[in-house]
Amino acid sequence: MTQWYTRAAAKGVVISGQLWQPNRLLRMSTNCNNDNNRDDLDAIFKQKRVLRTQVRKTLKAIDPSLRSQQDNAIQDIILGAPWFKSSLRLCAYISSSALREVDTFKLLSQILQPPPTGGKKLYVPRVEDKNSNMRMLNISRIDDLVANSMNILEPDPVDADGNAREDVLQANEPVDILLLPGLAFDKSGRRLGRGGGYYDTFLKNYQELTETRNWKPPLLVALSYSQQILDDGVIPVTSTDVLVDALVSPEGVIPISSAAFNRMDL
């Protein structure tokens with residue numbers, strides 16, 4: 001059975017009025033009728049919008065020098081971690097300073113170095129449309145990235161030789177780690193995204209692939225400034241939200257799932 005969503009039951013995490021169950025997607029209670037469920041979802045979406053506004057204000061207020069210090073600390077922690085060093089294939093986001101995301105360029109540069117310091121296979125996101133469709137495509141150098149219409153770096157669908165880049169959903173081997181962005185997180189694994197649903201949709205598709213091919217699920221590791229970690233229960237969730245396995249903040253690694261405790265050896 002997949003361990004993708006396994007979480008320590010001892011935490012007693014209650015989500016949408018339901019104790020979280022291992023090996024299941026988050027879901028709303030089935031005891032309510034459709035109208036009540038719709039009302040619940042509307043209320044959750046409203047709560048998320050309000051929370052996003054609050055978190056954006058907090059991120060905007062962080063002093064640039066402090067932000068830079070946290071960026072370096074987070075990336076250094078990951079680069080020095082045995083669970084990262086032993087990984088062979090991973091997905092990682094391309095950070096955007098305009099979105100005030102934790103910087104990943106030191107990480108990406110290291111990953112794309114030749115062995116022994118690098119040599120890992122890297123997939124990065126490319127947004128395909130406004131319907132939450134996103135692909136993770138293989139790149140071999142930073143120069144493979146180009147700015148899209150939003151001035152966010154992403155890979156072209158074809159390489160310099162005109163060959164289609166490998167899509168991680170079409171790859172013959174699984175990835176070990178997914179490094180994820182977000183607006184806010186908590187220590188029970190909840191993640192507040194930007195509202196597009198791109199990562200949740202991709203993660204659901206990749207989960208289905210791992211189950212079909214009987215692969216070990218990758219660790220879902222979110223990068224977070226200290227100010228982005230909220231009290232447990234503050235972030236509302238719906239049936240499409242995916243929990244992360246671990247957080248990396250300037251203070252260190254915060255393992256959440258049983259998979260993180262086992263594979264990160266913390």
Side-chain angles (χ1 to χ4, degrees), residues 4-5 7 11-22 24-62 67 93 95-102 125 127-134 148-152 178-207 220-247 249 254 256-257:
W4 184 281
Y5 292 100
R7 296 292 181 270
K11 291 181 179 296
V13 179
V14 176
I15 299 171
S16 298
Q18 179 180 1
L19 182 65
W20 191 86
Q21 298 291 328
R24 294 186 187 178
L25 288 170
L26 301 179
R27 65 187 187 187
M28 299 294 292
S29 172
T30 56
N31 294 329
C32 302
N33 60 36
N34 289 337
D35 288 340
N36 286 340
N37 279 341
R38 191 176 301 111
D39 291 342
D40 288 343
L41 284 172
D42 288 344
I44 288 174
F45 291 146
K46 182 177 180 180
Q47 292 169 16
K48 286 188 174 187
R49 287 193 297 270
V50 171
L51 191 55
R52 287 188 186 103
T53 298
Q54 294 172 343
V55 174
R56 286 190 179 103
K57 289 180 180 178
T58 298
L59 290 174
K60 188 176 181 179
I62 299 176
R67 184 191 308 280
Y93 70 95
S95 58
S96 167
S97 58
L99 297 178
R100 296 180 174 85
E101 293 173 329
V102 173
V127 172
E128 295 297 316
D129 55 38
K130 295 182 179 180
N131 297 315
S132 301
N133 292 314
M134 178 182 76
N148 63 15
S149 60
M150 301 290 290
N151 204 33
I152 295 173
L178 280 94
L179 299 179
L180 305 173
L183 271 176
F185 313 91
D186 71 16
K187 294 179 182 179
S188 71
R190 298 186 185 191
R191 169 184 171 272
L192 179 70
R194 296 184 179 275
Y198 289 97
Y199 276 92
D200 287 322
T201 300
F202 168 79
L203 292 172
K204 180 177 181 295
N205 291 336
Y206 198 80
Q207 180 209 6
L220 307 185
V221 181
L223 281 57
S224 175
Y225 294 121
S226 301
Q227 294 86 343
Q228 291 178 285
I229 301 177
L230 308 182
D231 292 338
D232 288 357
V234 171
I235 300 173
V237 291
T238 70
S239 61
T240 59
D241 291 321
V242 176
L243 297 174
V244 301
D245 291 298
L247 301 176
S249 77
I254 303 172
I256 297 167
S257 71

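FYI, the numbering just counts along the sequence from 1.
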My understanding is that only residues two or more places apart in sequence, or in another chain, count here; which of them pass side chain to side chain donor-acceptor pair (under 3.5 Å) with Asn205?
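Partners of Asn205 by the side chain to side chain donor-acceptor pair (under 3.5 Å) criterion come out as none, since no residue qualifies.
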Tell me every residue that passes side chain to side chain contact (heavy atoms under 4.5 Å, CB included) with Glu128, counting only those two or more places apart in sequence or in another chain.
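Scan of Glu128 (side chain to side chain contact (heavy atoms under 4.5 Å, CB included), adjacent residues dropped) gives Arg126, Asn133, Arg135.
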Ignoring hydrogens and angles, tell me if any N or O in the side chain of Asp245 forms a donor-acceptor pair with the backbone of Ser257 under 3.5 Å.
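Such a contact is absent between Asp245 side chain and Ser257 backbone.
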So, Arg194 side chain and Arg52 main chain: donor-acceptor pair closer than 3.5 Å or not?
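Side chain of Arg194 to backbone of Arg52, a donor-acceptor pair under 3.5 Å: no, none is there.
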Any chance you could measure [X], atom [atom1], to [Y], atom [atom2], to the nearest 0.5 Å?
X: Asp241; Y: Ile44; atom1: CG; atom2: CD1; value: 8.0 Å
X: Tyr206; Y: Leu220; atom1: OH; atom2: CG; value: 10.5 Å
X: Ile256; Y: Leu243; atom1: CD1; atom2: CG; value: 8.0 Å

Side chain to side chain contact (heavy atoms under 4.5 Å, CB included) between Leu59 and Leu183, worked out:
CA-CA 9 Å; Leu59 290 174; Leu183 271 176; 3.9 Å; yes
Report, as yes or no, whether the 6.0 Å neighbourhood of atom CG on Asp129 holds more than 12 heavy atoms from other residues, nucleotides or ligands.
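Result for CG/Asp129: enclosed.
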In terms of heavy-atom contacts, does CG of Asp42 have more than 12 from other residues, nucleotides or ligands at under 6.0 Å?
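It does: Asp42 CG has more than 12 such atoms within range.
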Could you tell me which non-hydrogen atom of Asp186 sits nearest to which non-hydrogen atom of Leu230, and how far apart they are?
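Answer, listing the atom of Asp186 first, then Leu230: CB-O, 3.4 Å.
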Restricting to non-hydrogen atoms, name the atom on Ser188 and the atom on Asp232 that form the minimum distance, rounded to 0.1 Å.
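Answer, listing the atom of Ser188 first, then Asp232: N-OD1, 3.6 Å.
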Test side chain to side chain contact (heavy atoms under 4.5 Å, CB included) on Leu178 and Tyr199; report intermediate values, then the result.
CA-CA 11 Å; Leu178 280 94; Tyr199 276 92; over 6 Å; no
From Gln227, Arg100, Gln228, residue fulfilling side chain to side chain contact (heavy atoms under 4.5 Å, CB included) relative to Ile62:
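With Ile62 as partner, Gln227, Arg100, Gln228 yield a single side chain to side chain contact (heavy atoms under 4.5 Å, CB included), made by Gln227.
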Using a 4.5 Å cut-off on heavy atoms from C-beta on, say whether the side chain of Leu51 contacts that of Pro236.
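Sidechains of Leu51 and Pro236: in contact.
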Determine, step by step, whether Ile254 and Phe185 satisfy the side chain to side chain contact (heavy atoms under 4.5 Å, CB included) criterion, reporting the C-alpha distance in whole Å, the side-chain angles of both residues, the deciding distance to 0.1 Å, and the verdict.
CA-CA 11 Å; Ile254 303 172; Phe185 313 91; over 6 Å; no
List the steps and the verdict of side chain to side chain contact (heavy atoms under 4.5 Å, CB included) for Thr53 and Val50.
CA-CA 5 Å; Thr53 298; Val50 171; 5.9 Å; no
